[in-house]
Structure formats: C-alpha cells, structure tokens
Amino acid sequence: LAMPSLDAYEDEAVRLARDPAALGAIKMRLAANRTRCPLFDTDRYRRHIEAAYDAMWRRHLSGTPPEDIAVAPLPA
C-alpha cells in the first residue's frame, strides 16, 4: 500500500475503512502471497543480509576500504 504522499496514504486508508470488500480483497491477496513471494520469506532475507554483513566484515578485516558490494542471490 505504498502511496506517493501522506495525504494519498490517508485517503486510501479512509477508502479502505469505508469499503470492507476492497479491504477484504487486499487481505486475501496478502494471505495468498505469503507462501509464494520473496517479500514474505524472512528466513531467506535474514540469510541474505547476514551474507552481506559477512562480506562487509571480511572487507574490514582485510583493510580494504568500504565500497558498494553485491551479494549473490540465495536459493529459496
């Protein structure tokens, strides 16, 4: 439910509060996507961010200056 502004967010919240069917559709879509979308895969996210922290720490220990790093995607 990302919105371009705080006013738009408030308008959408009011609209959904007044339209239970629209809110229900969003809830159903979220429930269906929880098992299929990477957004909800918190264990995978945790492993990925830990790999990033590990890469940063190894750079620090080696005396290499900070820079952008890329972490390879992890399997699901």
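As the structure is a computational prediction, the values presented were derived from the model and not from experiment.
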Ala55 versus Ile69, closest heavy-atom pair with distance = CB-CD1, 3.9 Å

Once you round to the nearest 0.5 Å, how far does OG1 of Thr42 lie from CZ of Arg44?
-> 12.0 Å

Do Tyr45 and Asp41 come within less than 4.5 Å of each other through their side chains, counting heavy atoms only?
-> no

Taking only residues two or more places apart in sequence or in another chain, which ones pass ring pair (Phe, Tyr, Trp, His ring centres under 6.0 Å) with His48?
-> none

Separation of Leu23 CG from Glu12 CD (nearest 0.5 Å) | 9.5 Å

CZ of Arg34: more than 12 outside heavy atoms within 6.0 angstrom?
-> no

Which pair of heavy atoms, one from Ala51 and one from Val71, lies closest together, and at what distance?
-> CB-CG1, 3.8 Å

Apply side chain to side chain contact (heavy atoms under 4.5 Å, CB included) to Asn33 and Arg36, showing your working.
-> CA-CA 5 Å; Asn33 288 337; Arg36 297 185 288 131; 2.7 Å; yes

Can you establish whether the number of heavy atoms outside Phe40 located under 6.0 Å from its atom CZ is more than 12?
-> yes

Applying salt bridge (Lys or Arg N to Asp or Glu O under 4.0 Å) to Arg46 and not counting sequence neighbours gives Asp43, Glu50

Rounded to the nearest 0.5 Å, the CG atom of Leu16 sits from the CG atom of Leu1 at a distance of 6.5 Å

Charged N to carboxylate O under 4.0 angstrom, Asp11 versus Arg15?
-> no

Determine whether more than 12 heavy atoms belonging to other residues, nucleotides or ligands lie under 6.0 Å from atom CD of Glu10.
-> no

